[in-house]
Amino acid sequence: SQTIHQWPATLVQPVGSPLSLECTVEGTSNPNLYWYRQAAGRGLQLLFYSVGIGQISSEVPQNLSASRPQDRQFILSSKKLLLSDSGFYLCAWREKQSPGQIYEQYFGPGTRLTVT
Amino acid sequence: GEDVEQSLFLSVREGDSSVINCTYTDSSSTYLYWYKQEPGAGLQLLTYIFSNMDMKQDQRLTVLLNKKDKHLSLRIADTQTGDSAIYFCAEKRTKAAGNKLTFGGGTRVLVKP
């Protein structure tokens, strides 16, 4: 069965410090991968998605970057955190779409980041 | 603003029915989804409906789709305290890059005993 892991679960970082959040998926290959941010009391904002190793698409300009060094590994990074980077970060994966089939998008447990 | 819109909050008494509404703008949407997020957790898929369907029922859940008005609703019968959560609707557009979903802002449902 497929599982998705995120770590750390919670993180408190000072402004200006670097960030690295990791997401790994097991039990599937060549998935589409996604990073979302959920600010307190707000909806989901898609930050990045990836359709393959080394392929990253950015949805919104920001202080963050993403990388996919391996097929089932997705990393969210920042060189210098801002206060506005605080939020709940969710990683998700989905199988490649085939005609006539519906594929669920599976979410990880999330990382709560507080920038102080 | 978002292309998928939901009301922010819904309060319902235990045992009553809840109806969560969602509107979307893209007529090319192929699938529409309802996800549930419990406090401090990721999202879990509750149900989905294909765009050529009007209704789908799954135990206590009923999804209604009005494609003409681009309106989607989720009805939860006999609402329980465990149904308290944030509910997100999402759409999958025909040619969405990366097969990404577009999510609404979420509706926070509070079930009162």
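Here is the naming used below: chain letters follow the sequence lines, and residue numbers restart at 1 for every chain.
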ILVMFWY network linking Leu82(A) to Trp35(A), side-chain heavy atoms under 4.5 angstrom: no
Out of curiosity, does Leu64(A) fall in the hydrophobic cluster containing Leu83(A) (side-chain heavy atoms, cut-off under 4.5 Å, transitive links)? yes
Considering only heavy atoms, which portion of Phe50(B) lies under 4.5 Å from any heavy atom of chain A: side chain, backbone, both, or neither? neither
Check: Leu44(A) and Leu43(B) side chains under 4.5 Å, non-hydrogen atoms: yes
Is Gln55(A) close to chain B through its backbone or its side chain, or both, or neither, when contacts mean heavy atoms under 4.5 Å? neither
With a 4.5 Å cut-off on side-chain heavy atoms, are Lys100(B) and Tyr34(A) touching? yes
Where do Tyr35(B) and Gln105(A) come nearest, in terms of heavy atoms and distance? OH-O, 3.0 Å
Within the 4.5 Å heavy-atom criterion, are Lys92(B) and Arg94(A) side-chain neighbours or not? yes
Would one find more than 12 heavy atoms of other residues, nucleotides or ligands at under 6.0 Å from atom CD of Glu14(B)? yes
Hydrophobic clustering (ILVMFWY, side-chain heavy atoms < 4.5 Å, transitive) - are Tyr48(B) and Val4(B) grouped together? yes
Looking at OH of Tyr36(A) and CG of Leu101(B), how far apart are the two atoms once the value is rounded to the nearest 0.5 Å? 5.5 Å
Listed by chain and number, what are the side-chain hydrogen bond (donor to acceptor under 3.5 Å, both in side chains) partners of Thr107(B), not counting sequence neighbours? Gln6(B)
In this structure, are over 12 heavy atoms from other groups packed under 6.0 Å from Gln59(B) atom CD? no
Shortest non-hydrogen contact between Phe88(A) and Gln37(B), atoms and distance: CE2-NE2, 3.7 Å
